[in-house]
Amino acid sequence: MSQKVVLAFSGGLDTSFCVKYLSEDRGMDVYSVLVDTGGFSDADLKAIEERAYSLGVKSHVTISKTDDYYQQCLKFLVFGNVLKNNTYPLSVSAERIFQAIAAAEYAREIGASAIAHGSTGAGNDQVRFDMAFRIIAPDAEVITPIRDLRLSREAEIEYLKSKGVEQEWHKSAYSINKGLWGTSVGGKETLTSDQFLPESAWPTQVTKTEPETITLTFQHGEIKGVAGETFANSVDAIRKITELAGPFGIGRDIHVGDTIIGIKGRVGFEAPAPLILIKAHHTLEKHVLGKWQLYWKEQLANWYGTMLHEGQFMDPVMRNIETFLADTQAHVSGKVHVLLAPYRFQVLGIESEHDLMSAVFGSYGEMNNAWTGDDVRGFSKIASNQVMIYEKINNQ
C-alpha cells in the first residue's frame, strides 16, 4: 500500500512540483488540501481543485476556515490594536498559521503518515508550517521538497516539463498574496532598503477621488456596522470596509521587520480594512477605557502579535492573553466617524454612552466640577514628595 501524504496545496509552481515529486518519484498517495481563510473566490477554488486533479492527486479537499480565523484570531488583533512594528497588521502571519493548523488536523483525521508543504528555506512560512505539523501530528513525517532539494524556479519548471506538465509558468514582476486581513506585495523594490513600490504594483488601483465619511459601529470591540449597514458576521463588515476604502488607495505601506529565522525582511501590503478598523477601535478605546487598561493592553497585545508572527499561536499562554483582551472590551461600544480620501483616512470622532469625557466632571483645561483648586494643590504636593526628597538629599 502506498504511503498517504497530505499536501498543503495552493496550485502554484512550488506545490505543483510537490504533487508530481511525491506521487511519481516517491510513489505516495497525495491528498491535497486548500485552506480558505477568506482570500479566494469561488472561481479560484474551482480552478485550484481542477489543477490538483490534473496533476494526479488521489483526493483534493477545500477547508473553509474564514469564520474560525476571525473568531479565534482576527478579533483579538482588533481588541489589541495589533500592528507589528507599529505598521503591519500581520496579514500573512496570521493567515499562514491557520492554514497550517487546518492541514495538520486534516492529516490526522485521515490517518496520513506524512504531511508536506511547498515552502522554501528562506522565509517565515516554513517555520509556521513545521511547528503546526509537529504539534498537531507529531508522529507524521514532515516533507518539504522545495526546501530539501534546494530547487530554483527554473529547475522546478524543467522537472514539470519532463513529467508532461506543459504550462506557461509566468513569473510576474510582483508576488501577490490576497487575504481577508490584507494583501501582501513583493517585488524588486522590497528587496532593497531605499525604494517604494510603484503605483502599478498595487493590486487595487485608485478609482475614487471624492472624499467621503463613513461611520463604523462597534459592539464590545467587534465591528458590526459600516456606513449604515448592519452585519451579523463581522467578516462581512471587514469585506465591506475593504470594498469602500480600497479604491481610495488607503492602507498601502511597506513593513520592515525581523523574520523568525533572524534576518531583516521587507514586504509591501495593502490592508485598508485592518488599518482603519484598528485606528478607529483604538480611538474608541481611548475614550472609554481607563489609563491602566490602555497601558497593559498595549504591552500584552504587542507581545501577542510577536508570538503570533513567530508561529507560536498554539502556546497556551496565548489563550490567557485572549481572555484578558476580551475582558477589556465590555464597554468598547459606540460609533466612530472616519473620513476616507485618496491615499489616506482620518478618524474624526466617536459617540459612545461609555465616553469618559463627560462634561459632568469638567472640561479639560477650562472648568472643573468635581474638585477644588486646594484639592489639586494638596495632591500635587503629595505626588511630588518622593522626587523632591531625592533631589534635596542628593543635591546638597
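Heavy atoms only: backbone and side chains are in, while hydrogens, waters and symmetry mates are out.
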| field | Contact check, side chains of T242 and T204, non-hydrogen atoms, under 4.5 Å | value | no
| R252 side chain reached by V206 side chain, heavy atoms, under 4.5 Å | yes
| Checking side chain to side chain contact (heavy atoms under 4.5 Å, CB included) for the pair D253/L275: CA distance, chi angles, key distance, verdict? | CA-CA 10 Å; D253 206 344; L275 293 188; 5.6 Å; no
| query | Can you tell me how far CZ of R96 sits from OG of S119, rounded to the nearest 0.5 angstrom? | reply | 8.0 Å
| message | To check you understand the geometry: which heavy-atom pair defines the closest contact between F133 and A100, and what is its length? | response | CE2-O, 3.5 Å
| said: Please list all pairs meeting salt bridge (charged side-chain N to carboxylate O under 4.0 Å, His left out) that have one or both residues in residues 293-315, counting only residues at least two apart or in different chains. | reply: E285-K297
| task | State plainly whether one hydrophobic cluster holds both I143 and I115, where clusters connect Ile, Leu, Val, Met, Phe, Trp and Tyr through side-chain heavy atoms under 4.5 angstrom apart. | result | no
| said: Nearest 0.5 Å, please: how far is CD1 in I97 from CG in L308? | reply: 7.5 Å
| Is atom CG of D42 surrounded by more than 12 heavy atoms (other residues, nucleotides or ligands) closer than 6.0 Å? | no
| Is there a side-chain contact between I48 and F40 (heavy atoms, below 4.5 Å)? | yes
| said: Same cluster or not: V33 versus I136, using hydrophobic residues (I, L, V, M, F, W, Y) connected whenever any side-chain heavy atoms lie under 4.5 Å apart? | reply: no
| query | Distance from S16 atom OG to R51 atom CZ, nearest 0.5 Å? | reply | 4.0 Å
| Donor-acceptor pair between Y69 and Q99 side chains, under 3.5 angstrom | no
| Are K65 and D36 within salt-bridge range, i.e. N to O under 4.0 Å? | no
| Are V142 and V19 linked, directly or through other ILVMFWY residues, by side chains that come within less than 4.5 angstrom of each other? | no
| query | Does T372 reach the main-chain N or O of D375 with its side chain, forming a donor-acceptor pair under 3.5 Å? | reply | yes
| How about L149 and Y159: do any of their side-chain heavy atoms sit closer than 4.5 Å? | no
| How about N86: does its CG atom have over 12 heavy atoms from other parts shown lying under 6.0 Å from it? | no
| Can you tell me if N124 uses its side chain to pair, donor with acceptor, with the backbone of T259 under 3.5 Å? | no
| field | Under 3.5 Å: donor-acceptor pair, side chain of K20, backbone of L55 | value | yes
| note | Between R239 and the options L180, V226, N233, the side chain to side chain contact (heavy atoms under 4.5 Å, CB included) test singles out L180
| task | Indicate yes or no: at least one non-hydrogen side-chain atom of L77 is less than 4.5 angstrom from one of W181. | result | yes
| Backbone of A330 reached by a side-chain donor or acceptor of H220 within 3.5 Å | yes
| message | Quick test of your reading of the model: are K46 and E50 salt-bridged, counting only N-O distances below 4.0 Å? | response | yes
| task | Indicate whether the side chain of D44 and that of S41 have a donor and an acceptor atom separated by less than 3.5 Å. | result | yes
| task | For the residue pair F129 and H117, categorise the inter-ring angle as parallel (less than 30°), tilted (30 to 60°) or perpendicular (more than 60°). | result | parallel
| field | Student check: side-chain heavy atoms of M131 and Q312 closer than 4.5 Å | value | yes
| query | Hey, does the side chain of Q299 reach the backbone of Y295 with a donor-acceptor pair shorter than 3.5 angstrom? | reply | yes
| message | If I take atom CD1 from residue I382 and atom CZ from residue R377, how far apart are they, to the nearest 0.5 angstrom? | response | 13.5 Å
| Does the ring centre of F218 sit less than 6.0 Å away from the ring centre of H281? | yes
| request: Check side-chain contact (heavy atoms from CB on, under 4.5 Å) between T213 and all other residues, then give those that pass, not counting sequence neighbours. | output: L339, L348
| Have S113 and Q3 got a donor and an acceptor in their side chains that come within less than 3.5 Å? | yes
| message | For S352 and D355, which I'm curious about, is there any donor-acceptor pair between the side chains at under 3.5 Å? | response | no
| Under the 3.5 angstrom rule, does the side chain of R128 hit a backbone N or O of H309 as a donor-acceptor pair? | yes
| message | Around atom CZ of F196, are there more than 12 heavy atoms from other residues, nucleotides or ligands closer than 6.0 Å? | response | yes
| request: Verify side chain to side chain contact (heavy atoms under 4.5 Å, CB included) between I254 and E189, making sure each step is shown before the conclusion. | output: CA-CA 10 Å; I254 291 184; E189 292 86 2; 5.8 Å; no
| note | Shortest non-hydrogen pair, T120 vs R147, comes out as C-CB, 4.1 Å
| task | Mark yes or no for whether K208, through its side chain, and L244, through its backbone, hold a donor-acceptor pair below 3.5 Å. | result | yes
| query | What closest approach, in Å, do A112 and V6 show between heavy atoms, and which atom pair accounts for it? | reply | CB-CG2, 3.8 Å
| request: Check whether the side chains of S32 and H60 place a donor and an acceptor atom closer than 3.5 Å, and report yes or no. | output: yes
| message | Nearest 0.5 angstrom please: K4 NZ to D29 CG, how far? | response | 8.0 Å
| task | Check for a donor-acceptor pair, side chain of T87 on one end and backbone N or O of N85 on the other, with a separation under 3.5 Å. | result | yes
| Hey, are K163 and D25 close enough for a salt bridge, meaning a charged N less than 4.0 Å from a carboxylate O? | yes
| query | Which heavy atom in V78 sits nearest to a heavy atom in G221, and how many Å separate them? | reply | CG1-O, 3.9 Å
| hydrophobic_cluster_shared for F79 and W292, side chain cutoff 4.5 Å | yes
| request: Could you verify whether a donor N or O on one side chain and an acceptor N or O on the other, from T230 and K224, lie under 3.5 Å apart? | output: no
| task | Is it possible for you to say whether Y31 and V5 belong to one hydrophobic cluster, with membership spreading through side-chain heavy-atom contacts below 4.5 Å? | result | no
| task | Could you please spell out the steps behind the ring pair (Phe, Tyr, Trp, His ring centres under 6.0 Å) verdict for F313 and F98? | result | CA-CA 9 Å; F313 178 75; F98 266 76; 5.1 Å; yes
| field | Other residues, nucleotides, ligands: >12 heavy atoms within 6.0 Å of R319 CZ | value | yes
| task | For the residue pair I238 and F231, establish whether any side-chain heavy-atom pair is separated by less than 4.5 Å. | result | no
| field | Other residues, nucleotides, ligands: >12 heavy atoms within 6.0 Å of K84 NZ | value | yes
| field | Approximate separation, where rounding is to 0.5 Å, of I176 CD1 and W202 CH2 | value | 9.0 Å
| Do the side chain of D130 and the main chain of V127 share a donor and acceptor less than 3.5 angstrom apart? | no
| query | Should the pair F17 and Y21 be assigned to parallel (<30°), tilted (30 to 60°) or perpendicular (>60°) ring geometry? | reply | parallel
| field | Flag, side chain of Q205 to backbone of E199, donor-acceptor distance under 3.5 Å | value | yes
| said: Check this for me, if you would: do R153 and E156 make a salt bridge, where the nitrogen-to-carboxylate-oxygen distance has to be below 4.0 angstrom? | reply: no
| field | Side-chain heavy atoms of V57 within contact of V30, under 4.5 Å | value | yes
